[in-house]
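Comments concern the structure below.
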Amino acid sequence: MRVIRLLLVALVPLAILGVFFVLPVTGMVSRGFWTDGSFDPGGVLDVLTRPRVHRVLWFTLWSAALGTLFSLALGLPAAHVLYRRRIRGGSVLRAALLAPFVLPTVVVGVSFRQLLTASGPLGFLGLDGTPAAIIAGLVFFNASVVIRVVGGAWESLDPRPAEAAAALGATPFQVLRTVTLPALRPAVVSAASVVFLFCATAFGVVLTLGGLRYSSVETEIYLLTTNLLDLQAAAALSVLQLVVVVGLLLAAARARRTADPSLARVVARPRRLARGDVPALVATSVLALLVLGPIAALVAGSLRTDGAWSLANYRALETTGQSSGQQHALLVPVTDALMTSLRTAVDATWMSLLLGLTVAVVATRRSRSRSERRVRTVLDGLFMLPLGVSAVTLGFGFLITLDRPPLDLRDSPLLVPIAQALVALPLVVRTLVPVLGSVDDRLRQAAATLGASPFRAALTVDLPVVGRPLLASAGFAFAVSLGEFGATSFLARDEHPTLPVVIFGLIGHPGPMNYGMALAASVVLAATTATVMLAVERLHVPVGST
Amino acid sequence: MRHTNARLYAAALAALLPLSACSLTGEDDSGSGSGTAGGGDVVLVTHESFVLPKKLMKQFDQDTGYHLVVRASGDAGTLTNKLVLSQGNPQGDVAFGVDNTFASRALDADVFAPYAADLPPGADTYVLPGDDDHRLTPIDNGNVCVNIDTQYFKGKRAPQTLDDLVDPAYRDLFVLPGAASSSTGLAFLLATIAKYGDGWPDYWTKLMDNGAKLTAGWSDAYEVDFTQGGGGGDRPIVLSYDSSPAFTIDGDHSTTKALLDTCFRQVEYAGVLTGADNPKGAEAVVDWLLSPQVQAALPESMYVFPVDTETTLPAEWASYAVQPEDPYALDPADIAAHRDEWLTTWSDVTSR
């Protein structure tokens, strides 16, 4: 019974996932399995034996693993410094480190390459077109995910066990290893699994920074689908991608499960920096350099016109771009596109929060039987899948499955925010689940015994704990939506393009002014995101003490 | 427990409702079309590079009584494959932007319905070979050509031909987008196949040995690595278009030049889609794309040459954008038949 009730609560998110994810992806993949009207799984299996496919899979796995590893190595110390230590300008730095997350990969690719190319300031490193450049790009985009997801949990971690350990003579490293990290494990595993999925499905970074010599499963699917129309091979790779992702999610769920659910949650006052923080500070500085370097190159580029410093690129954002004489590189001014982006992001944010909160609540309630727990775990994992599937597969899937009544949705204006909400959903769920999961169910029971209504219990028990992470994930969802390009470029309608789509259009057209405008528009996009992040952090959240 | 969830859910919903005021859902998207009389919507499916002045679109609505709706996304390849996959139940009524490298695939899949538009003078040169029942109408053309930085080559012997690019004198100077990820790059691959026939893999081996640098897309090659691009790179030879020199004007001359013996011609077509809801409207759009006003707007909107030879080109184009007389060409059916094999071989040759 409880399992059925559970599924009823999860019905809305499940239905949405079914229509906007499972249906399109199955539709697209099954086209590959049916050749000329007959079911032909053998053809798909044959694809998997190609040596090229093995090379592609191997590259995807090791580059994503390294990208995840370095994101963690730099992101964890940064989360410590930014969320547990009082430093000047901490919130500004927190907002700035999230900015890469929304930058269009085309533009980041170009600004990365301007630093790394033989004639660039870092040209002596010889990194242009190497796997090292790809991994640096992956870390640039994903370290912020680690900082956010882990920082949110770290911030509300009770400092007393660590203090007790220190008082009993443990070295800072021992405290970290035996007290802090075990407590953070669910959040760290959450962050790592999301980052791995982002890295494994990175598209622009691999293409642009790898100089075409490396292909990942994602770039291969793109090539097979949009260029060669080899749906059989694309289906094979999509299935492969799904299998790898499901395997990863299962492993992650296992690694998360062992957390101590009776941890007390408080919002600890950040402490002043101490000598023991030096290694963490060094790592944070390295990350800040990695993130701010390309951004600085971007800002500098946006301020240059005809070899002189000027604001002309920014003034031009109100126009539709220039060609030689009259100016028509775009259908709408960049400022309009920014408005469209913001409005779309509002939609995507509330959708993903609503869905994410439901999923997180369902996934974290204490289970009474093994089968119930299994259902909860499956639900939890199911909503991670959109991250592991190529945007190309999803985009084409929309086109071929949502094309007839009652689901004639392929031209609906809501398709873009829904697709973005699905992309943001895993981040929301992964931010909320570790926190909600650590709330002792006995607290809710105690509240109920004392006469609190379930709503009141949720308000006094869950909200104080989940408030900040909820805001963090709202900011995240907003940022994902603002920066999303892959699925959006498939679905965006020309009258209302989002900013990343417009930037892509600008950078793909000749004319020095268009290039400058693309850089300026990217800076505006990043600055908007950072501002929103800052505002979200300043919002007052009711925080009780437990 | 169920109550907790339901109430939480309701509370969250109530809290979020006011936000939707500033969202997309409140917006009336169909409103813009309802004012026009008669013909209803006509939907143009196209690629993301499609741009035409708003004024011309309004003019179309006024002149024909239809309301033009544009759905643009992806590149020419994505567009073609979308059309092929949604064959019979298309996303719109008319498509623009399928080019001569993808056209055969669309024709084979029966994506387009016959419509013989009145072609303007000169346009019949660009009609797709083999398209005997007039399914595709040529709208514009442009050539992918190797461009050089004329400042850099001042006083030096500049390259002229494809053969020159493998000359050690031009070692490490050439940057180009790859054929697998860029339609510009693909056009160059086709140019080399047209020139060298079955020997093209050897040419590419030599080209790569001579230090040619591959990038993912055109913008990467031009804006990062090319000496005259936005980022001021260090390679003075780049793969771009015949129109590109019109965008690098410095006073009374252009700082770049297209090498006219290295070009491959791209033609973009429009056509009425099979199964269109509004076929008459679709035909009107094809006619409109051929009209003198749209043809004249093409260079500055989409950086391509009109097919109508009587169109007056913008001043910079007339002086600096020189078109090749006899670019390399391949039979579209040949391209369709061998594209996969060529790209696979190309990937093998260039990634060694």
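Order of the sequence lines sets the chain letters (A, B, ...), proteins ahead of strands, with each chain counted from 1.
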> For A/R31 and B/L85, what are the C-alpha separation, side-chain angles and deciding distance, and is it a side chain to side chain contact (heavy atoms under 4.5 Å, CB included)?
Replying inline: CA-CA 10 Å; A/R31 287 258 181 145; B/L85 286 177; 3.4 Å; yes

> Which value, rounded to the nearest 0.5 Å, describes the distance between B/R339 atom CZ and A/L228 atom CG?
Replying inline: 7.5 Å

> Rounded to the nearest 0.5 Å, what separation is found between the CG atom of B/D220 and the CG atom of A/L209?
Replying inline: 8.0 Å

>> What's the separation between atom CG in A/L224 and atom CG in B/D340, rounded to the nearest 0.5 Å?
In response: 9.0 Å

> At their closest point, which heavy atom of A/L223 faces which heavy atom of B/A180, and how far apart are they?
Replying inline: CD1-O, 2.9 Å

>> Just verifying a value: how many Å separate A/T226 OG1 and B/K82 NZ, rounded to the nearest 0.5 Å?
In response: 11.0 Å

>> A/F398: which residues meet the ring-ring contact (aromatic ring centres under 6.0 Å, His included) condition with it, sequence neighbours left out?
In response: none

>> Which residues pass the ring-ring contact (aromatic ring centres under 6.0 Å, His included) test with A/F112, not counting sequence neighbours?
In response: A/F140

> With only heavy atoms counted, which part of A/L231 is less than 4.5 Å from chain B, the side chain, the backbone, both or neither?
Replying inline: side chain

> Which bit of B/L79 comes within less than 4.5 Å of chain A, counting heavy atoms only: side chain, backbone, both or neither?
Replying inline: neither

>> What part of B/V43 gets within 4.5 angstrom of chain A, counting heavy atoms only: side chain, backbone, both, or neither?
In response: neither

> Which atoms of B/R105 come close to chain A, meaning under 4.5 Å heavy atom to heavy atom: side chain ones, backbone ones, both, or neither?
Replying inline: side chain

>> What part of B/D250 gets within 4.5 angstrom of chain A, counting heavy atoms only: side chain, backbone, both, or neither?
In response: neither

> With a 4.5 Å limit on heavy-atom distance, are the side chains of A/D403 and B/Q91 in contact?
Replying inline: no

> Any donor-acceptor pair under 3.5 Å linking the side chain of B/N81 with the backbone of A/T225?
Replying inline: yes

> How long is the gap from CD1 on A/I400 to CG on B/N89, to the nearest 0.5 Å?
Replying inline: 11.5 Å

> Where does B/A336 contact chain A at under 4.5 Å (heavy atoms): side chain, backbone, both or neither?
Replying inline: neither

>> Which heavy atom of B/D75 sits nearest to which heavy atom of A/Y222, and what is that distance?
In response: OD2-OH, 3.6 Å

